[in-house]
Each structure stands twice: as structure tokens, then as C-alpha cells.
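In what follows, a single structure is set out as C-alpha cells and then discussed.
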Amino acid sequence: MNLDFSPEETAFREEVRAFIAENYPKHLTGSGLRDDMPPEDLVAWHKILGEKGWSVPAWPTEYGGTGWTPTQRYIWSEENAAVNAIMPLPFGTSMVGPVIYSFGNDAQKEQHLPGIRSGNVWWCQGYSEPGAGSDLASLQTTAVRDGDHYVINGQKTWTTLAQHADWGFFLCRTDPDAAKPQQGISFILIDMKTPGIEVRPIKLIDGGYEVNETWLTDVRVPVENLIGEENMGWTYAKFLLAHERSGIAGVARSKRAVEQLRDIARKELLDDKPLMEDFDFARKVSQLDIDLSALEITELRTLAGEEAGRGPGPESSVLKIKGTEIQQRLTELTLEAVGHYGTPYYRDVPDAGSNEYPIGPEYAQHSAASYFNMRKTSIYGGSNEIQRNIISKMILGL
Amino acid sequence: MNLDFSPEETAFREEVRAFIAENYPKHLTGSGLRDDMPPEDLVAWHKILGEKGWSVPAWPTEYGGTGWTPTQRYIWSEENAAVNAIMPLPFGTSMVGPVIYSFGNDAQKEQHLPGIRSGNVWWCQGYSEPGAGSDLASLQTTAVRDGDHYVINGQKTWTTLAQHADWGFFLCRTDPDAAKPQQGISFILIDMKTPGIEVRPIKLIDGGYEVNETWLTDVRVPVENLIGEENMGWTYAKFLLAHERSGIAGVARSKRAVEQLRDIARKELLDDKPLMEDFDFARKVSQLDIDLSALEITELRTLAGEEAGRGPGPESSVLKIKGTEIQQRLTELTLEAVGHYGTPYYRDVPDAGSNEYPIGPEYAQHSAASYFNMRKTSIYGGSNEIQRNIISKMILGL
Amino acid sequence: MDFNFTDEQNMVRDSLTRLVRENYDTETRREAISSESGWRPELWAQIAELGLLGMPFSEEDGGFGGGAIDSLVVMEEFGRGLVVEPYVPSVVCAGGFFKHGGTDAQKEEHIGAIVDGSRVYAFAYAEPRGRYDLADVDTSAKKDGDGYVLNGHKAVVIGAPWASHLVVTARTSGDRRDKAGISVFVVDKSADGVVTRDYPTVDGRRASDIYFENVSVSADSLIGEEGKGLPLIELVTDEAIAAQCAEACGAMKVAIDMTVEYSRQRKQFGVPIGKFQVLQHRMVDMYTEYEQSKSMSYLATLKLGESEKERKSAVSAAKVRIGQAAHRIGQEAIQIHGGMGMTDELAIGHYFKRLTIFDSEFGNVDHHMKRHIALAAS
Amino acid sequence: MDFNFTDEQNMVRDSLTRLVRENYDTETRREAISSESGWRPELWAQIAELGLLGMPFSEEDGGFGGGAIDSLVVMEEFGRGLVVEPYVPSVVCAGGFFKHGGTDAQKEEHIGAIVDGSRVYAFAYAEPRGRYDLADVDTSAKKDGDGYVLNGHKAVVIGAPWASHLVVTARTSGDRRDKAGISVFVVDKSADGVVTRDYPTVDGRRASDIYFENVSVSADSLIGEEGKGLPLIELVTDEAIAAQCAEACGAMKVAIDMTVEYSRQRKQFGVPIGKFQVLQHRMVDMYTEYEQSKSMSYLATLKLGESEKERKSAVSAAKVRIGQAAHRIGQEAIQIHGGMGMTDELAIGHYFKRLTIFDSEFGNVDHHMKRHIALAAS
């Protein structure tokens, strides 16, 4: 038992660090993803990685994966987190991509995988529906066969960044008479330019527009766009959800955020001394630090299990719960650190960027919005309540 | 709206304070109740109050109550808490007494109420059964009519201080074929000297013996001992439980315990300064103090509602939950305060009281035992989970 | 002991309940706060007409003879509706300064204008470096002839864009963090050298950062004694905290009611989510937090007139306990609403945001815990 | 990175699992700890025979060439069985002092006796006034000819009633709380002037308060350099903490398993209580706490050999996190067991008590949080 990286792993770290330093777009360094960025910024790094052949490390090598070990992938994510890199969006690379190479036919692989790898095709996810929430299988969107086409009608929601999407993958009910809600669902790829699709942005409590409602009205989709077998979509959907959960602990990013929090707390004052020297505040930061250490080792243990061939099972639910709790706590403490300057609503400040007096320190500007926005993490990707249900059933056997 | 006591109430406080100062047994002052005390100490104050006519303040005056207002009763409990007085045990005064004067016949009132008031008759409670827990109505003890007697068989548990009891009140199943478990139960008074009763002490995790298992084997009880109607016992039982819950917040006692905790923390050292000056510890004490203030005002608000004729409803569940959480937290912090000297098991120290070197400060001696013992408070009297179920149903309507 | 409101207070509550119901449904509020001005002066006039702005002032000062309990009633109802109109800045804060520290002339001029709603005031106390320390005042007021000249920067002055006048804390002597040497001034916002930078706040109000650049004020702008302003500032701030605690309680109650109601309607796996025991117990904990908060809100208000130590201790205890409850209730309300709770469309998110910002006004949980500890040790 | 145990470590674990299963069921343990001596020397001999007491010593010191990870394996299993026999005091603490600070002669005499079980040692460091500060040493060792004379009072020395020898921290110079001037001695418990007051502990072990009254020890009783003992004491204590963290993890795991199992058996209202979602989620939280604790236990052990700062930071982090988890898991285990959890009869109460006392050994959550904060700021 030891925590050391092998010489090969250390060399790998140096290689990727150098590559990132040289190639990551300078104007994006450290900024992280925000919904109000120009869309080309969101895929800039993806496109660079596509050219390098590093955009889909976890894929099988025959489809363009890098063949890295789980430890190498961990190092890769750590190094990217260090510059707060905007990684390839998951909808193509981690969600539909693996479904296509696992269950799609050759034509589908040929048509779609290159665009996903290169970042030239933007994908979105059509899973959730209004009213469905954690009960995904209760979906109502229908796909009715009409000759060589499916005619699709329904409404999807929480379609992240669909405003920029070229393609989407959708779960639709193809057999309304199936015995169970999980049956009779099909997994269909849809060109987002098809007539009848309307994407309406949803304003969130932080003021941003990262998700959408997507309305489908008599959308005609060629039957070739069906993945796998008709009515077997739930199988592919579950496969996809298991993929989605890996990496959700977000340890590397949270470590970086703890350092940013410490930086802020060194600049903010309490009783004329750095807030970081206030015992109350220092204690909260140390608690977060300790919780994050525990999560990191837990993730490494899971990773070690993966390398030994034990796939990520229900333990990933623990990573999701603790990971999101830490992410939320981080933004809560950051908001607390900035004091009064968490109150202004910076998005709507008139004449922002003008020569007027600034409002508070720059690091305060996203503090409230981030705190509000991060409440989503314990809701999405299977709410933390659902994760507890999973652990209760799968691990504790209750 | 104001927090002032009226001149009459202030005068009343002075009267009871003087009475307590003059009459509370000197050798018991401040000691509080412990299971290993001589039983005569446990009823000493009860007997004095019986003579004064103050042993059952809440009873209707025709049965010996004092006619005090809820506020006066609150003052009474505060003043007793100030000397940590051992109050009349609830089994007679707050439990079976009200059942007898509400549902008993004249003969029963005449036979039993005087002994309860005077403290000369020691009562115990035969409600719980092994395996029943919070599901009280699932009880198995049977009472079968045989001429002028009931023949009772079964096992009760958690019968507090039954080792000293003269009489007990028992819930027994008189109709095993009733449609619902709540039906077919009868409320029966039993002379604990009746043949066939065996009381076996249960050792608890703190090493004490405050509760017992009580075995009943062919115990013959005269039918006159039935309270109210046969098979209607559940009604009386619920009435009794509602009575039990009042006063459970224990505000006055917890306030006294906070002061004791502060005293200990002024004597204990951390970095050569009083522990009470350690910011971590002070913060925990202040949090407790604040929580206790909130509980106190909540109880006073409930009391004000009572004075206005609104009986204590499901709000008393809030008092029970918060009251017991605070009591538990108090013992937890006290154990933390005493440091290493929470570890010795003082009950079994050989030659305690001899001239040997003492083991730690006297205030440390009950710290661990109290912490362990107080875990019971969130379990008994309707577990805190049951209280939450009650609030959910009765207040939130869920 | 008495926890009942007077008949008059109950009438006030009823009329406010109506006013809020009629003017503060989610859609109307959204429109109002996203309008250019961000508030409704006509509603303020209506509130003034109902006599609500005069409640906490004595009759001889031009009010209706009430006190802090009246403000509690008003702010509970304001909290229920997430009312943004500036009762605390104008009535409780500015009004409080004049009431406790003003000369007869000041009372006549300013309290009258507050009560009839003809002027709106804001309270400029916080500074970028001072965090929640009321004595940390860098803004200077230098004697200049009969008057003073103000220089400095005040941060996040709530309600300032709507105000015609400001109550400003400034240092007339001593070093930046000295307890002595702080004075309080009333300043016409249109005076030369007052530079404001206005913005909306995340909880739907408006605020300004304000720069004083050689602002001349006359001698009669001084409220109270020169250099001895801190106790007055502490008193008024405690009154403001008590009022905001009541506001938070009103907001919490609605957030809980909305969450319980949502859990009854919203189905998952074929049953209303309010039937899941885990959510039931969590909503019970929200309710329990609220009940404790309400008790602390009463305690803080009822202790405002007691000794300085009792007052500060109760106010800090309330701010701590309600700050904790506000966070927890806000977070749980969003979580139980799920994805819908994240949308701007539902009202619950707005309650969450108001309950979040509550903590950082006039000192957060940690700040008041420290004050409470210091008082307990004194 | 490697989180696997060696084959040898797995074998050790297997043999310990058997040993504990055969000798540490609830009834047998109850009898053993309530016997006059409170432990089973014959079991200790058996453990020695299995070679377990020599695991963490190098072969040249007379051990079997293992290290802290071996102690982790042993203590996890000890924790599972609530084994009271003194592995930490004798092997980890005393053994650690000789291993890291002993002369060749000391190693030969003492490590040999520890490994073959012929002598048992206890570690006398805590004092009534010092709380968890290892440098707060009032016990004095005055130079006297070639040797020293010890005077002082050591508090709650775990395992001392079973020990023939004590490792004692004492001050050879400086003031009571100076970091310099502390020395470490090995003392024969039967020496003149060693007065012990023995007692059981609430978690089923035995301990003593020990008074040193002019106890003469020879020069070769000094372990390490005179006056420079603190870094050695800190190192050994950190090793002891890591071992006890592993013990706590073992105990937590069993407490959780017992609780889950109980919830499956125990019915209320006609269904097993394990079907109530509220209890399910609370057991999930217990499990999650355990998983985080296990990770921290590994981290602490794996960092023992790193730089002083890294070691201390990891050990304190583990003690904080596991201390928090131990409290929570213990309390929840009792609550979910209900009334039965309160009885001495069921094993769960004993796990709860051991997990409670864990926190106060070698520094509680607050103590180690402070050390962690200080290290983070350094």
C-alpha cells in the first residue's frame, strides 16, 4: 500500500502539463465555463484536443481513445483542473459517444464519432421531461413510426446548452402499451435543425441560461437514427447514466477552488487582519480541506479498484454525494468570504466595463451566482436522495 | 407582547423559592436523580410536597391540584430546577393519576389518589413490551377473565424503577380477536406484590439499573382494578401519553446544566487558560445557550397558548425533539470538557471513598455515564422519529 | 408574559396581508423589480397613507405611538411577500437615528418626511474594508467652519437608488478602527460631491456604492453628539436587525409552505414526493427551524428596550439562530423543489436568494456569534 | 499508487479474524473484561506466538520487518472485536520509542520483550492539567548522580494495570509548558515510589493514575537525548493515532453492520424498520462516514514516513474526520437500535462507548483541528 506515482506516471504528468501550458488558449486560462461565454470558447480546447487525439481518453483505442490507465486519466483531469480548463462537454464525449460505439451500427459510428472527437459537432441531451425529475422512466415524448421516419412529439427540459447544439440524443416512447414504464422506450439521434424543434431558454436563479426547454412538434426523423433496437432504449440510457456519474467527485477542481477561497480570504479583512487568520473561518476551510482529502482518497481507492478490474459500482454514489456537498460548501464559503460584495447582481450592472468606479473586488463578482448555481449539483445526475436510495439498496441491502 | 412577569407571579416565585430553600432536603440539594440512590431519597421531596399540598399542581383542584396557572407551574419548575430537585416521579403524578381521576370510578379514586399525592405509594408503568418499541399497540400481554379476576400473562419492559414499586398500571390485551391492534386493549392497575410478578433489572450502557423487565405469570388481578371500560384501554393510554409529553422540553434543568458546564469549563485548562476562554469551546457553549433561548421562548409561547385555552397540541413534539437534543448535547459537551477524566468507569473503581488518591475532579465522575444515559431521551416517550412523523402528519398535513 | 399582538397590530397585519396579496404576486413583483427604477413609489405612497410608516414613532414625534413590535409585524408581512420597498433603511434605520438622537428640529423635518413618505432615506455605514465592524469607519468628516466636509466610500448601501437623503457614519476624530470619534450625519443625496454607482442586488432590491468627494454639510446635519455616535449606531443597527429577523421569519414561513405544498402536488414514481418519509422529516426540520427562529425574532424585539448587554446579547443570538435557519431552510426548499427550484420562474428561488443575503446584512452568523460569546464572558 | 495489502498482511488479517471470532464474542468479552484482571494474558501470549507483536519492527531489531501498515491491519481487526489487549500502548507506543529512539542495548532488551510478549508496557504521558498538549509536562526528572529522580502525576494511563514497565515523559529542564527540556524514560513499574491507582474504563479497558514519588531511575533509562524528547514523542504519538484510527474504523464497520442487520430483523408497525426511508438514508450516511474514515485512516498511515509537516497534517486530518464520524456513527447506531441499544446486553452499546472514548485519546477533534489549521498556515 502506498500513495506514490510510478516514474512512468510522473513522466506522463510532465508531458500533459507541458502540453496544456503550450496549447491551452491563453485568453481562457483560469476562467472556467460560464453560460454567457461565446460558444466558440466553450469548444476551443475540445478542438485542440481533438487534433492531438486526446479529446476522448476513456474511449476504446479503436474509436480514438488514448489507452490511458485510470491513474493516467486522473492525472489528466488534475492537470486540466489546475488551469480550470474548459473540458470537452460531456454530452458527446461521455454520453452519446460511448452509446454509439457500444450499441450503434457501423454507419452511425462512421457518421457521428469523428464529429464528437473533433468537437465540430455539438451535442445535447434529451432525457428529462417536465414533471419527470428523478423518475426518468415516466417520460411522455412519443415517436410514432411513419414509413421510413419516426414522427416525434413532446417536450424535453434541462437540455443543457442546447441553444448551440447541432445534434441531440433523445429518449422517446415508441410503445405506449408496454407493461412497465421502462419498456417501450427508444434511443434516437436527432439533427437539431430538423423542422419542428424549438429550443426555449430557461432562466435560472443565478440569472444564467445554461439549460433549455426543447419542444418537438411533428419532428420527422429517419429511422436510421434509431440506436440499437426499438423499445430497448432504457438499457442504453442506464448504460449512459453509469458513465455520467464517473468523475463527478470533481476532486481536482475542488482542490483548486479551495486554493482560490484561501486566496480570497487572505485578501479580505476581519478586524483588520486577513480573514484567513480568523479562527472561525480557518476552521471551516480546514474542515473542507479535510473532507476533500477524504474524498480524494476514496476516489483513488475506487480508481484502484477499477484498475484491478472492478468497475465503478454503487460506490460512485458516495463520490457523487460527497463531491457535490463539497462543491456546494465551497461556493457557500466563498460567498461568505466576500461579505457585503456578495450582494450586488453583477450581471445586470449598467455600464459594466465602463470607466466608472468598480463595484467591489473582481473575485466577488461570481460568488453569489456560483453559490446559487451550484445548488443544482445535488439535484441533477440523479439527485443525492436517489444516490442514497441506491447505496441503501445496492450496498447496504436494505 | 412582553416578557414580563406580573407582580403576582413575581410574588409567587418568591414564595416557592423560600419554601424550597427551607424545606428541600439538605443532603439532596443539587444532586439530582440517580438510579443508585436509596429509594427513600427519591421520594423525600414528593412526601414533603404532599404534605404541603403541592405534589400534583396540574391536577384539578377537586383532586388535590393547586389551581396554578401554566405560568405559575413554569415558575415552579424553574425554581425546582435551580436546586436540581428530585421531583415526584411521573408514573403516579403525571401518568396514572390523571387517568384515574379522568376515567376511574369513585372507589378507584378514593383508593389510589391519596397515595399518589402523598408519595406513599410508588407506581410503575407497564406499557412497553420487548419487540414493541415505538409500535406500542402491538402489545402481547394478555388478561383473560376468570370469574372476578383477570389472569394476566406476558412480559413488560423498560419499567422504570419498578424495583421499588408498590403498584403498576398495565396495558393488557383483553380481546385478541379485535380488528385492529389498538382495539381490545384494557388498562389495569396491579398490586406489584401479587404472586406471579417478577421484576428483573436491566443493566444499561452507563452501568446503571433504572429500568426493568417485568414478567407476569398467571397474575390474578381483581376485575375492580380495570380502569374505565374493558377493551377501551388504548383511549386512556393515548390520553396518558399526551400528558407525559408536557414538560419534556426540560428548559429549566438544561439552563442549570449550561451553568454547570460553564463552571467546569472555567476550571478545566486548555493551553493553561480556562477552557471557557477557548474560542472553539465557547462557541459550542454559546450555540447551546442560543438554542436553549429559542426553546425557552417556544415553550413560553406554547404556555401562553395553553393559558388562552389552546391545549398543547402537536407543537409539544417540537419541544420534545429540541429539548432532548439540547439535553444530549449538554452531556456531550460536558464529557468533552473533562478531557481524559471522562474515561474512568467510576462506578467500579475499587475502594472509592477511601483515602487513596482521588481520580480526577469530582465533576468528571458522572460525565461519561450521563452522556451514555441521555441517549435514551431521543428514544423514549415516543422516539424523536415518531415525533417527526407526528409533526409531519398533524402540522404539515403530509 | 404576553405573546399576543394588540388589536391595532392585528389590524395592521391584516391590511398588510391584503396589500401584499394584491401587489406582490410573483409576476407583479418580477415586473416591478426589473423595471428601470426597481420599485414602486406609488405603493410606498399607499403604505404611507395606511399609516404604516409612522407606526414606530411616538405621537409627539409625528408618528402613531407604536414601537419595535409594530415594525416586527410590518416586516413579517414584508418578508412573506419579499417586499423590496425600503422600510428598514428609511423607517427603522434613518427614523431610528432621528428618534433616538435627533434634535427637535431634525425630528420635525425628517421624521415627518419619513412618515408621510415624501422622502426616502438610506443608511450608509458599511465600508469595503470594514466587513461587519460598525466602528471600522474610514469615511472622514472634517470640521470646516460651522460645517463638515465628508470624504470616503460606502459599500452596498441598500435602497440608496430610491433615496433622496442618506444617513452616513463618518469619522470626526481618531484612527480608522477607534470606537470613539465616530459621528452620524444626514446628507442630501443631491449634494455636490455625492457620487453614486447604482445596481440591482441578487435578492431583487437596489443598492449603491457611494463615494463622498469633498461633500460639504452644515452643522445641523450632525445627528447626536460629535464623536460619540457608536452607541447610537449600535442601537439603531440592533433595531434594524430585529426588524430583518422578523422579515426573515416571514420569508421562511412562505418558503416552507410553498415547499410542503409543492411536495403534495409533485409526483415521482407515482406518488406525491411529500409521501417520502425522508422528505417529510426534512420538512419537519425546516418547520422546527422556523419555530425556533420565530421565537428568537420575538426575543430580539422584546429585548430592544432592555440594558445594552441584554439587548445586544438577544439580538446577536437571534441573528445567529435565524441566520443558520435561513440558510438551511433556503437550501432545503430548493433541494425539495428539485430542478424547478432552480428556475427563475418559480417564486421559491427568490425566497432562497433573499434568505441567503439576509445573513450578510448587519453582520453574519460568525460575527454575531463572536459578539454573543464576548457578552457572555463579560 | 497501490491500495492493496501484501499477501502476508492478508494472512495476518485472516488469522486475526479467526482469533477475534473465537475469543471475542460478546459474552466471552464481557466475562474477560469484568474479571479481576480485566484482560487475558494467555490471549496475549497466543497473539505473540502468532508473531503479531513483532510485525512493525525491523528484523535486525528483533521483529518481522513490517511497519505501520501492519499495525493498521492488526488494529482494524482489534477494532472489529473491541479487543482490549494493549497493542497500541505496548507495541506501537513503547515499541515505537525504542525503535525510533532507543540505543542498541535498549532495543535488545525491550523490543525483544515486547515482541515475545514477556513484558507489557504502558505509555504515561497525559497529566491532569495538560489536556492534550504533549509539551505540557509537569512531571520532573532531576539529575541525581548518574541517574534521575522522577516526581509527578500521570493521568489515565491506558493498559497500565497490565504493564510491567512504563514509558514516561518527564521534564529535565525548562518551565512546565516549554517545548524544550522534555525527556523520555523507561521505568520498571515495580520500582520504589511508583504508586498506581487502577480502575476500569467506560469502554472496557483498564487504566491507572500513576504517581511518581522520588522514583530513582538509572542513566540508561533515558530514551533518546535528554531534553530533546518532544519530536520523538510527537512521532510516536502520531503513529499511535494512526493505529487507533484503524481501530476506530474496524469498530465503526461492525457497528454499522450490526445496525443494518438489526434494522432488517426488527419490526415496527409490521415492517422491518430497515424499510423506513428515513432510517435507510441515515444508515447510508453512517456508511458514507465510514468510507471517508477508512480513506483517512489509510492516508494517516501512509504519510507517517513523510516530512514532519505532511505527517502531522495527515494525522490530524484523520483524527478530526474519524473523531467526527465515530461520534455520529455511535450515536446513530444507538438511536436506530432504540431501547435495546441502551442495554448492556447488546454489543452495540460497547461499540458506541469505545467510539466515544476514541475522540479523547491523544487529542480530540478540536485539538487536532487547531493543529491542522496551524500547519496549513505555516
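Each chain gets a letter, A, B and so on, in the order its sequence line appears, and its residues count up from 1.
Contact count versus chain A (heavy atoms, under 4.5 Å) is highest, among His367(C), Arg282(C), Glu361(C), for Arg282(C). Chain A forms the most heavy-atom pairs under 4.5 Å with one residue out of Ile357(C), Leu279(C), Asp359(C), and that residue is Ile357(C).
A side-chain donor from one of Asp209(C) and Tyr341(A) sits under 3.5 Å from a side-chain acceptor of the other.
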- Message: Checking Asp280(A) against Lys370(C) for the salt bridge (Lys or Arg N to Asp or Glu O under 4.0 Å) test, could you report, in this order, the C-alpha distance in whole Å, the side-chain angles of both residues, the deciding distance, and whether it holds?
- Response: CA-CA 9 Å; Asp280(A) 263 336; Lys370(C) 286 187 174 78; 3.0 Å; yes
- For the pair Asp203(C) and Tyr345(A), evaluate side-chain contact (heavy atoms from CB on, under 4.5 Å) and give the outcome as yes or no after the intermediate values. CA-CA 8 Å; Asp203(C) 54 349; Tyr345(A) 182 50; over 6 Å; no
- Message: Apply side-chain contact (heavy atoms from CB on, under 4.5 Å) to residues Leu269(A) and Arg131(C) and explain how you reach the verdict.
- Response: CA-CA 7 Å; Leu269(A) 299 179; Arg131(C) 194 162 275 263; over 6 Å; no
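You'll find the side chain of Lys203(A) stays beyond 4.5 Å of the side chain of Thr343(C), heavy atoms only. Arg375(A) is listed as a side-chain neighbour of Phe352(C), based on a closest heavy-atom distance under 4.5 Å. No side-chain heavy atom of Met342(C) sits less than 4.5 Å from a side-chain heavy atom of Tyr380(A). For the pair Ile379(A) and His337(C), the minimum side-chain heavy-atom distance is 4.5 Å or more.
Remark: Lys353(C) NZ to Tyr371(A) OH distance equals 12.5 Å, nearest 0.5 Å.
Lys284(A) has a carboxylate O that lies under 4.0 Å from a charged side-chain N of Asp366(C), or vice versa, which qualifies the two as a salt bridge. Electrostatic pairing of Asp272(A) and Arg176(C) counts as a salt bridge here, judged by a charged N lying under 4.0 Å from a carboxylate O.
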